Visitor: 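Please read through the structure below; I'll follow up with questions.
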Amino acid sequence: MLLLFLLVVFTPVNALWPIPRTLSTGTAALTIADGFSIDIHGIEHAPSDLKNAVSRTRHYIQEDKLGRLVVGRGPGQGVSLGDAPRLSKLVLRLVDTNQTAATAQTRVPSISEITALPVEQRDESYRLDIPSDGSDAVLVANTTLGLLRGLTTFSQIWYQHGEWTYTVEAPFKIIDEPYYKWRGLLLDTARNYFPVADIKRTLDAMSWTKINMFHWHVVDSQSFPLVLPEVPELSSQGAYSSEQQYSTAELDDIVAYAAARGIDVMLEIDTPGHTAAVHHSHPEYVACFEAAPWTSYANEPPAGQLRLTEPEVVRFTQKLFKAAIKHTPGKYFSTGGDEINLRCYAEDPVIQTSLNSTGQTLLQALATFTKETHQVLLENEKIPVVWEEMVLEHGDLHLDNDTVVLVWISSANAKSVAEAGHKIVHAPNDYFYLDCGHGIWVGNFTNGNSWCDPFKSWQKAYSFDPTANLTSTEATLVLGGQQLLWAEQSDPSNMDSIIWPRAAASAELFWTGPIHPNGGPLDGTEALPRLHDLRYRFVRRGVNAVALQPEYCALRPHACDLV
């Protein structure tokens, strides 16, 4: 028993995250040679974002300088790195879907171009072979996006000891692709403002775990920081200050920065609820602005919802959507639709006058509003994304069949959304809300808990079953899932530690899928040592990811497991 325990505790831990779908490693030492290069010369007209990805990979290999998480932080007893073979080159090869070599006449689509496709059409697969004898490593993919994913894996293999950058697990043979196509992270920048540099740092970290969707909840009732030239009054009067805005140039910069890292940006402009900030520039468009007590008219202060019955408001919303989607080349745009407060509309004289004059019910008016505003998206070849209430609480709103539904109120509600025939993105608060468990943020509520207690640990997220209670046919509607940071209690001072490494849990869950490469189910006990390694690598790269355990435990895999 003692021998078995020692073998479990001190066996080297493969630290790749997310763990590839097919993985074979060895036990040989291999070092990176002086003058190591990543060769893309075989790819004619390689796009600039691929070249930049190669440069970043070389930088990480040179600068991570991460010691292995073993006692002593060295390569291991009896390992002589000076005698180990040296890897001089990683060769990148791009083939088309017919597995034939790309020709000089073929224009190679960039990482950014492929990232803008619908998720089902993005090919992120790759093959990576690293021999143990020092001969060339080879990374092969069908697309530049696949090469990017392979480069990310390659950068996680190496450690530093003295003058050597090395691995002790050569050879590597990896065949990899995502199990689910949608692997996301939501960031709310309306409750509190996050500067561009913090968003970019988060995008970098997302790319290191192969997260591919940045759900940007950019505006809400509290503030409207998004500058759009077509409606400049919304940000000039609705942002917290002139310094707490995202200019059009900054928006475009963030979108381009994300795309070059294989991340699609999905903006969300929530309507008709969560729109009180519109009142500051267009008071005639908003019902029950700052109505009191706010708890009766909204889920959060300030109260305020669009007067959805008014043709002028419909035209305004169409203009707003059209202005926003110009800046996102990807196919997805979220119109929200959550937490509509019925009392707000019931007591608004403008809404009631319109309903009485047309003979419509409120839900019929909501259906009309949704159809007419979504039409702008469909005409511009965008796919609408909505929160689950738009399917489960308001009757048949005649949503387009391709509309994607975010399930957030309860993981159990995915079944009902699937039965309605809509594609699903899992985002349930009972597994994936990063803001839960920090105490309540409202005042005058001593000893209050957050509404979605308890704290959602990485283990909780990792245990999620994407197809629970779904039939095999319904399971095909699951695009993937995402974790979410609502920012009532977050800003740049704590965003890294709130998000990371917890958000990596869903990144692996939805990339690797339910089956571990060893043939068993995903297991948090197996994953913890690898997640430790990822966290330490994040810190080396400037992301202040929170510690998971005492370092004693990180250096001794499974020594701190509860038995």
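All figures in this text were calculated on a predicted structure; none of them were measured in a lab.
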Visitor: Report the C-alpha separation of T403 and N401 in whole Å, then their side-chain angles, then the decisive distance to 0.1 Å, and conclude whether the side-chain hydrogen bond (donor to acceptor under 3.5 Å, both in side chains) test is met.
Guide: CA-CA 6 Å; T403 301; N401 290 337; over 6 Å; no
Visitor: With E124, which of R183, K210, K181 fulfils salt bridge (charged side-chain N to carboxylate O under 4.0 Å, His left out)?
Guide: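 Of R183, K210, K181, salt bridge (charged side-chain N to carboxylate O under 4.0 Å, His left out) with E124 is met by R183 alone.
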Visitor: Begin with the C-alpha distance, continue with both residues' side-chain angles, and end with the deciding distance and a verdict on side chain to side chain contact (heavy atoms under 4.5 Å, CB included) for L406 and L186.
Guide: CA-CA 11 Å; L406 296 154; L186 176 145; over 6 Å; no
Visitor: Please confirm whether Y240 and Y193 have ring centers closer than 6.0 angstrom.
Guide: no
Visitor: Main chain of L509, side chain of S506: is a donor-acceptor contact present, judged purely on distance under 3.5 Å?
Guide: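 Checking the backbone N and O of L509 against the side chain of S506, no donor-acceptor pair under 3.5 Å is found.
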Visitor: To check you understand the geometry: which heavy-atom pair defines the closest contact between S221 and A276, and what is its length?
Guide: OG-N, 3.1 Å
Visitor: Evaluate the side-chain proximity of L484 to K456: yes if any heavy-atom separation is below 4.5 Å, no if none is.
Guide: no
Visitor: Listed by chain and number, what are the side-chain hydrogen bond (donor to acceptor under 3.5 Å, both in side chains) partners of T370, not counting sequence neighbours?
Guide: none
Visitor: Quick one: which residue pairs count as a disulfide (SG to SG under 2.5 Å) with a foot in residues 407-496, not counting sequence neighbours?
Guide: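 As it turns out, the disulfide (SG to SG under 2.5 Å) pairs with a partner in residues 407-496, which skip direct neighbours, are C436-C452.
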Visitor: Enumerate the residue pairs fulfilling disulfide (SG to SG under 2.5 Å) with a member in residues 466-556, sequence neighbours excluded, ordered by first and then second residue.
Guide: C553-C560
Visitor: Does the D270 side chain pair with the main chain of G337, one donor and one acceptor, at a distance under 3.5 Å?
Guide: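 It does hold such a pair.
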Visitor: Given 3.5 Å as the limit, does a donor-acceptor pair link the side chain of T275 with the main chain of T271, or not?
Guide: no
Visitor: Assert yes or no for the condition that the ring centre distance of W17 to F538 is strictly below 6.0 Å.
Guide: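 No - the distance between ring centres of W17 and F538 does not fall below the 6.0 Å cut-off.
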Visitor: With distance as the sole test, does Q318 use its side chain to make a donor-acceptor pair with the main-chain N or O of E372 at under 3.5 Å?
Guide: yes
Visitor: Could you pull out all residues at least two apart from E300 that satisfy salt bridge (Lys or Arg N to Asp or Glu O under 4.0 Å)?
Guide: R191
Visitor: Atom CD in E526, atom NE2 in H516: separation rounded to 0.5 Å?
Guide: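 Atom-to-atom, E526:CD and H516:NE2 are 3.0 Å apart.
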Visitor: Considering all heavy atoms of both residues, which atom of A116 and which atom of P329 are nearest to each other, and what is their separation?
Guide: CB-O, 3.7 Å
Visitor: Looking only at atom types and distance, does a side-chain atom of T189 sit under 3.5 Å from a main-chain N or O of V218, one as donor and one as acceptor?
Guide: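 Confirmed, T189 side chain pairs with V218 backbone.
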Visitor: Drop me the distance from Y297's OH to E290's CD, to the nearest 0.5 angstrom.
Guide: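 It comes to 13.5 Å.
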Visitor: Less than 4.5 Å apart, any side-chain heavy atom of E488 and any of S450?
Guide: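 No; the side chains remain at least 4.5 Å from each other.
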Visitor: Are the side chains of L434 and L185 in contact, using a 4.5 Å heavy-atom criterion?
Guide: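 In short, these two side chains touch, coming nearer than 4.5 Å.
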Visitor: Go through the steps to decide whether M390 and T335 satisfy the test side chain to side chain contact (heavy atoms under 4.5 Å, CB included), and finish with yes or no.
Guide: CA-CA 10 Å; M390 296 296 277; T335 64; 5.7 Å; no
Visitor: Between atom CZ of F333 and atom CG of L267, what is the distance when rounded to the nearest 0.5 Å?
Guide: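 Separation between the atoms: 6.0 Å.
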Visitor: If I take atom CG from residue N429 and atom CD1 from residue I409, how far apart are they, to the nearest 0.5 angstrom?
Guide: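 Those atoms lie 8.5 Å apart.
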Visitor: Do the two ring centres, one from F289 and one from H280, sit under 6.0 Å apart?
Guide: yes
Visitor: With no hydrogens and no angle check, is any side-chain donor or acceptor of T512 less than 3.5 Å from a backbone partner on I19?
Guide: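 Checking the backbone N and O of I19 against the side chain of T512, a donor-acceptor pair under 3.5 Å is found.
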Visitor: Check E388 against V405 and note the closest heavy-atom contact, atom names and distance.
Guide: CA-CG1, 3.6 Å
Visitor: Looking only at non-hydrogen atoms, find the nearest pair between H422 and D400 and report the distance.
Guide: CE1-O, 3.6 Å
Visitor: Could you go through the side chain to side chain contact (heavy atoms under 4.5 Å, CB included) check for Y536 and E551 one step at a time?
Guide: CA-CA 10 Å; Y536 277 76; E551 188 159 327; 3.3 Å; yes
Visitor: Can you name the salt bridge (Lys or Arg N to Asp or Glu O under 4.0 Å) partners of E177, sequence neighbours left out?
Guide: none
Visitor: Would you find a donor on one side and an acceptor on the other, under 3.5 Å apart, between the side chain of D64 and the backbone of L66?
Guide: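 A pair under 3.5 Å: no.
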Visitor: Please confirm whether the backbone N or O of Y285 pairs with a side-chain atom of R307, one donor and one acceptor, at under 3.5 Å?
Guide: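 Checking the backbone N and O of Y285 against the side chain of R307, no donor-acceptor pair under 3.5 Å is found.
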Visitor: Within a strict 4.5 Å, meaning less than it, do heavy atoms of the F455 and R502 side chains meet?
Guide: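 Contact flag for F455/R502 side chains = yes.
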Visitor: Within the structure provided, determine whether P302 and Q222 are in side-chain contact (heavy-atom separation under 4.5 Å).
Guide: yes
Visitor: Using atom types as modelled and distance alone, determine if a side-chain donor or acceptor of S411 lies under 3.5 Å from a backbone N or O of P428.
Guide: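 No, because the side chain of S411 does not come within donor-acceptor range (under 3.5 Å) of the backbone of P428.
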Visitor: More than 12 heavy atoms of other residues, nucleotides or ligands under 6.0 Å from CG of D523: yes or no?
Guide: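 Atom CG in D523 is packed in, count exceeds 12.
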Visitor: Can you tell me how far the SG atom of C288 sits from the CZ atom of R343, to the nearest 0.5 Å?
Guide: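 Those atoms lie 10.0 Å apart.
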Visitor: Going by atom type alone, with no hydrogens or angles, which donor-acceptor pairs under 3.5 Å involve a side-chain atom of residues 195-209 and a protein atom two or more places apart or on another chain?
Guide:
from, atom 1, to, atom 2, distance (Å)
D198, OD1, R201, NH1, 3.0
D198, OD1, R201, NH2, 3.0
K200, NZ, D253, OD2, 2.6
R201, NE, D496, OD1, 3.2
R201, NE, D496, OD2, 3.0
R201, NH2, D496, OD1, 3.1
T202, OG1, D198, O, 2.9
D204, OD1, Y257, OH, 3.0
D204, OD1, R261, NE, 2.8
D204, OD2, Y257, OH, 2.8
S207, OG, D204, O, 2.6
W208, NE1, Y60, OH, 3.1
W208, NE1, D204, O, 3.4
T209, OG1, M206, O, 3.1

Visitor: Indicate yes or no: at least one non-hydrogen side-chain atom of R122 is less than 4.5 angstrom from one of L145.
Guide: yes
Visitor: Does Q121 CD have over 12 foreign heavy atoms under 6.0 Å away?
Guide: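 It does: Q121 CD has more than 12 such atoms within range.
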Visitor: Are L234 and L320 side-chain neighbours, meaning at least one heavy-atom pair lies under 4.5 Å?
Guide: yes
Visitor: I need the minimum non-hydrogen distance between F194 and Y246, along with the two atoms involved.
Guide: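 So the two residues come closest at O-OH, 2.6 Å.
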Visitor: Under the ring pair (Phe, Tyr, Trp, His ring centres under 6.0 Å) test against H215, which residue among W408, W486, W387 passes?
Guide: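 So, applying the ring pair (Phe, Tyr, Trp, His ring centres under 6.0 Å) to H215 and each of W408, W486, W387, only W387 qualifies.
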Visitor: Would you compute the distance between atom OG1 of T476 and atom CD1 of I424 and round it to the nearest 0.5 angstrom?
Guide: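 Answer rounded to 0.5 Å: 9.0 Å.
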Visitor: For the residue pair L366 and Y345, establish whether any side-chain heavy-atom pair is separated by less than 4.5 Å.
Guide: no
Visitor: Report the C-alpha separation of W451 and W441 in whole Å, then their side-chain angles, then the decisive distance to 0.1 Å, and conclude whether the side chain to side chain contact (heavy atoms under 4.5 Å, CB included) test is met.
Guide: CA-CA 10 Å; W451 73 271; W441 56 268; 5.5 Å; no
Visitor: Classify the ring geometry between F464 and Y431 as parallel (under 30°), tilted (30 to 60°) or perpendicular (over 60°).
Guide: perpendicular
Visitor: How far apart are the C-alpha atoms of T153 and Y126, what are their side-chain angles, what is the distance that settles it, and do they pass the side-chain hydrogen bond (donor to acceptor under 3.5 Å, both in side chains) test?
Guide: CA-CA 10 Å; T153 299; Y126 67 91; 2.6 Å; yes
Visitor: Is the backbone of N341 close enough, under 3.5 Å, to the side chain of Q305 for a donor and an acceptor to pair up by distance?
Guide: yes
